[in-house]
Each structure stands twice: as C-alpha cells, then as structure tokens.
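Could you have a look at this structure, given as structure tokens, before my questions?
As a basis for the values below, the full set of heavy atoms in this structure was taken, side chains included, without hydrogen atoms, waters or symmetry mates.
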Amino acid sequence: MNMAKKIIIADDEPVVRQVLKQVLQSEGYDVIEAENGEEAVKLVKSEKPDLLILDVRMPVMDGMQACRVIRQLDEPMRNVPIIILTAVDTTLGRRVSAELGVDMYLTKPISPKELRSKVRELVGPP
C-alpha cells in the first residue's frame with residue numbers, strides 16, 4: 001500500500017492552517033500542523049515530510065529561521081522541498097528565500113487551485 005505524501009504546514013494563524021490543510025487533505029495528502037518554526041523543525045526530524053509550507057512571520061521561530069535550520073540537517077531532510085508563504089511579498093524576502101534554498105515563494109492569500117498546482121509541481125500527486 002502506498003503511503004500518502006506528508007506535508008507540514010507551519011503558520012501561527014489557525015484559520016490559515018485549517019484552510020491549507022483542507023485543500024491538501026481533499027487532494028489526498030497527509031497534513032501535519034505546526035504553530036511556529038521551532039515546532040516545524042522538530043516535526044521534520046520526527047515525521048520526515050515530503051514538503052514543508054512555512055509562513056514567514058511566526059512567533060518563537062519564523063519561517064526563514066526554520067528554513068535555515070532545516071537546510072543544515074542531515075540528508076535527506078536538508079533537501080526537503082520548502083514553500084515559503086507570506087502575506088508581505090518583498091524583494092528582500094525573495095532574495096533571502098533564494099539564499100536559504102527555498103523552492104517556492106508564494107503570497108497569501110493563495111487560491112486552492114494554485115496551492116494544489118504548486119504542491120504537485122514540487123512533490124507530485126499524493
């Protein structure tokens with residue numbers, strides 16, 4: 001039996017996590033939620049996800065900091081695809097994301113259709 005692809009969503013807004021989770025679960029992905037970057041990093045180590053979706057602005061550890069930590073982990077987790085999701089699209093944010101090895105930089109609000117398409121692009125079907 002094939003295991004569904006696992007996605008960690010880290011966002012401090014429960015409503016955002018819920019919407020993203022519903023969209024991805026309806027496609028057949030296995031979704032795990034984290035409230036901040038620190039939680040996401042712990043989950044990456046224990047859950048070994050196929051994809052991470054990180055909000056930029058979160059308490060405790062933001063998405064950029066989490067990305068920096070994850071990219072220093074052991075193989076194969078240091079290469080897990082990462083989508084940065086932000087409410088504020090800036091040139092600096094895009095540059096820092098690129099330097100940190102982020103795979104995609106998307107702006108909120110994201111349509112369910114775009115989310116499904118971008119996730120499939122990075123990890124394939126569930």
query = Do you know which two heavy atoms are closest between Tyr105 and Ser97, and how far apart they sit?
reply =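 Looking at all heavy atoms of both residues, the shortest contact is CD1-OG, 3.1 Å.
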
Under 3.5 Å, sequence neighbours excluded: what are the donor-acceptor pairs made by side chains of residues 111-122?
from	atom 1	to	atom 2	distance (Å)
Ser111	OG	Glu114	N	3.0
Arg120	NH2	Glu27	OE1	3.4

Backbone of Gly101 reached by a side-chain donor or acceptor of Arg71 within 3.5 Å =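 Pair found, side chain donor or acceptor close to backbone of Gly101.
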
query = Are Val44 and Leu24 grouped together when hydrophobic residues (ILVMFWY) are joined by side-chain heavy atoms under 4.5 angstrom apart?
reply =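 No, no single cluster joins them.
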
inquiry  = Less than 4.0 angstrom from a charged side-chain N to a carboxylate O is my criterion; do Asp89 and Arg94 meet it?
reply    =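 A salt bridge is present here (some side-chain N lies under 4.0 Å from a carboxylate O).
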
ask   = Which heavy atom of Pro81 sits nearest a heavy atom of Val123, and at what distance?
value =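 Closest approach of Pro81 to Val123, heavy atoms only: CG-CG1, 4.2 Å.
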
request  = Give a yes or no answer on whether the side chain of Asn36 reaches the backbone of Glu39 with a donor-acceptor pair at less than 3.5 Å.
outcome  =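 Here the side-chain-to-backbone pair exists.
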
Could you list the donor-acceptor pairs under 3.5 angstrom formed between side-chain atoms of residues 7-19 and any protein atom two or more places apart in sequence or on another chain?
from	atom 1	to	atom 2	distance (Å)
Asp11	OD1	Glu13	N	2.8
Asp11	OD2	Lys108	NZ	2.9
Arg17	NE	Glu33	OE1	2.8
Arg17	NH1	Asp11	O	2.6

request  = Measure the NZ-CE distance between Lys6 and Met3 for me, rounded to the nearest 0.5 Å.
outcome  =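 Result: 6.0 Å between the selected atoms.
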
ask   = Roughly how far apart are Ile84 CD1 and Leu100 CG, rounded to 0.5 Å?
value =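 With rounding to 0.5 Å, CD1 (Ile84) is 7.5 Å from CG (Leu100).
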
ask   = Taking all atoms of both residues into account, what is the closest heavy-atom pair of Met104 and Val102, and its distance?
value =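 So the two residues come closest at O-CG1, 3.0 Å.
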
Stepwise side-chain contact (heavy atoms from CB on, under 4.5 Å) check, Ile82 with Leu54 = CA-CA 7 Å; Ile82 296 175; Leu54 302 173; 3.8 Å; yes

query = What about Val23 and Val31, same hydrophobic cluster or not, with Ile/Leu/Val/Met/Phe/Trp/Tyr joined at side-chain heavy-atom distances under 4.5 Å?
reply =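 Hydrophobic grouping puts Val23 with Val31.
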
key: side-chain contact (heavy atoms from CB on, under 4.5 Å) between Leu52 and Ile83, worked out   = CA-CA 6 Å; Leu52 273 167; Ile83 294 176; over 6 Å; no

request  = Show your working on side-chain contact (heavy atoms from CB on, under 4.5 Å) between Arg95 and Thr90 and close with a plain yes or no.
outcome  = CA-CA 9 Å; Arg95 194 171 71 235; Thr90 65; over 6 Å; no

ask   = Rounded to the nearest 0.5 Å, how far does CE of Met77 lie from CG of Leu73?
value =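 Output value for this atom pair is 8.5 Å.
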
key: Considering all heavy atoms, the nearest Leu85-Asp55 contact   =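 Closest approach of Leu85 to Asp55, heavy atoms only: O-OD1, 3.0 Å.
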
Taking distance alone, no hydrogens or angles, what donor-acceptor pairs closer than 3.5 Å link side-chain atoms of residues 62-70 to residues at least two apart or in another chain?
from	atom 1	to	atom 2	distance (Å)
Asp62	OD1	Met64	N	3.0
Asp62	OD1	Gln65	N	2.7
Gln65	OE1	Asp62	N	2.8

key: Interatomic distance, Leu20 atom CG to Ile53 atom CD1 [nearest 0.5 angstrom]   =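 Taking CG in Leu20 and CD1 in Ile53, the distance rounds to 6.0 Å.
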
query = Counting only N and O atoms by type, is there a donor-acceptor contact under 3.5 Å from the side chain of Lys5 to the main-chain atoms of Asp30?
reply =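 Flag not set: sc Lys5 to bb Asp30 has no pair under 3.5 Å.
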
task = Provide the closest heavy-atom pair for Ala4 versus Gly28 in the form atom of the first, atom of the second, distance.
result =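 Heavy atoms of Ala4 and Gly28 come nearest at CB-O, 3.3 Å.
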
